[in-house]
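Atoms within each ligand, like the ligands themselves, are counted from 1 in listed order. This structure is a prediction, so every number in the text was calculated from the model and none was measured.
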Amino acid sequence: MQNHGSLIYEGKAKRVFTSQSSPDEVFIEFKNSATAFNALKKAEFHDKGRLNCQISASLFEVLETHGIPTHYLGVVSDTWMAAQNVQIIPLEIVIRNIATGSLCKETPIKAGTELNPALLDIYYKDDDLGDPLITEARLDKLGLLTNDQRSDVEDLARRVNKCLKEFFNQIDLTLVDFKLEFGITNRRKLVVADEISPDTCRLWDQRTSDLQERILDKDRFRQGLDHVMEAYGEVFKRVQGAYSKPRNYK
Ligand code: TMP
């Protein structure tokens, strides 16, 4: 990718670079690496960067059509996206529509229980601390968000859930749960940031009732199942079938 500036940040699945043309923009490269359990498990998957970049781009465009602000500007290539330069709020907002994953490890709630209204869990984003679940009182102590920002984050996350649940349902996918990150732009606007992909969502295929086959997300890798990229590819195919290709940036 030409035209990007220096590396600002490297995470487990993406790299973020400055833009040479504007301080308000960044370029994000989606990598092929996958990690789970706070990077205890690692692997490389051919084509993962492209699939996550293109799926995320389309989903950000879907959110945009529903008036939900995001950092996304457009795709620049298969694996690169242009986005607004935001300060990431170090919180992971998880919305759960169906109980599974850590919720069922940490509480007696039975796997498969429908959660309506959806459960919203907030985690403090810090790999060294293992991204702990935090309480409202701890969030207050951290002083990361004003009360208004906190309610804006929660409202936006619930709007994202409503919009994506409906979108995925149209393509026979159940949005079980997902993780969002938020950022503040240089103009102090709160936007959905990071990525929305099979790395950060649990998606179950409604076209099969087989409990393993229906998993079309990173749980395949977490659980040691095969056909991880075929699953991501299926999500990509359905998302682009319903939405068309994401726009190019400049
Ligand atoms: P959990 O059940 O492990 O708490 O995961 C809830 C959702 O959040 C699931 O869709 C996967 C996503 N997630 C991430 O995107 N990043 C993470 O680091 C973790 C732990 C979960």
Interfacing atoms of ligand 1 (cut-off 4.0 Å, heavy-atom, [X]):
X	answer
Cys201	10 (O)
Asp199	15 (O)
Phe178	10 (O)
Gly101	2 (O)
Tyr123	4 (O)

Please check if any side-chain donor atom of [X] sits under 3.5 Å from a side-chain acceptor atom of [Y], or the reverse.
X	Y	result
Gln206	Asn169	yes
Glu64	Tyr72	no
Asn38	Asp131	no

Name the option, out of Lys179, Arg222, Arg202, that contains the heavy atom nearest to atom 5 (O) of ligand 1.
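It is Arg202 whose heavy atom sits nearest to atom 5 (O) of ligand 1.
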For Gln149, is the CD atom crowded, meaning more than 12 foreign heavy atoms sit under 6.0 Å from it?
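Enclosed: over 12 neighbouring heavy atoms sit under 6.0 Å from CD of Gln149.
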Looking at Arg138, I want to see if its CZ is surrounded by more than 12 non-hydrogen atoms of other residues, nucleotides or ligands under 6.0 Å.
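Result for CZ/Arg138: open.
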Could you tell me whether atom 20 (C) of ligand 1 has a protein heavy atom closer than 4.0 Å?
no
Please indicate, with yes or no, if any protein heavy atom is found under 4.0 Å from atom 14 (C) of ligand 1?
yes
Option from Lys14, Lys125, His71 for which side chain to side chain donor-acceptor pair (under 3.5 Å) with Asp194 holds:
Lys14
Is Arg96 salt-bridged to Asp121, going by a charged N under 4.0 Å from an acidic O?
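Result for this pair is yes, salt bridge flagged.
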Identify whether the distance between the nearest side-chain nitrogen and carboxylate oxygen of Glu154 and Arg158 falls below 4.0 Å.
no
How far is [atom] from the closest protein heavy atom, and which atom is that?
atom	result
atom 18 (O) of ligand 1	Glu92 OE1, 3.8 Å
atom 7 (C) of ligand 1	Asp177 OD1, 3.6 Å
atom 1 (P) of ligand 1	Ser102 OG, 3.4 Å

Proximity of Thr200 to ligand 1 by residue part, where a heavy atom lies under 4.0 Å:
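Contact part for Thr200 vs ligand 1: both backbone and side chain.
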Is the closest side-chain heavy-atom distance between Asp199 and Tyr232 below 4.5 Å?
yes
Hey, is Lys218 one of the residues with a heavy atom under 4.0 angstrom from ligand 1?
no
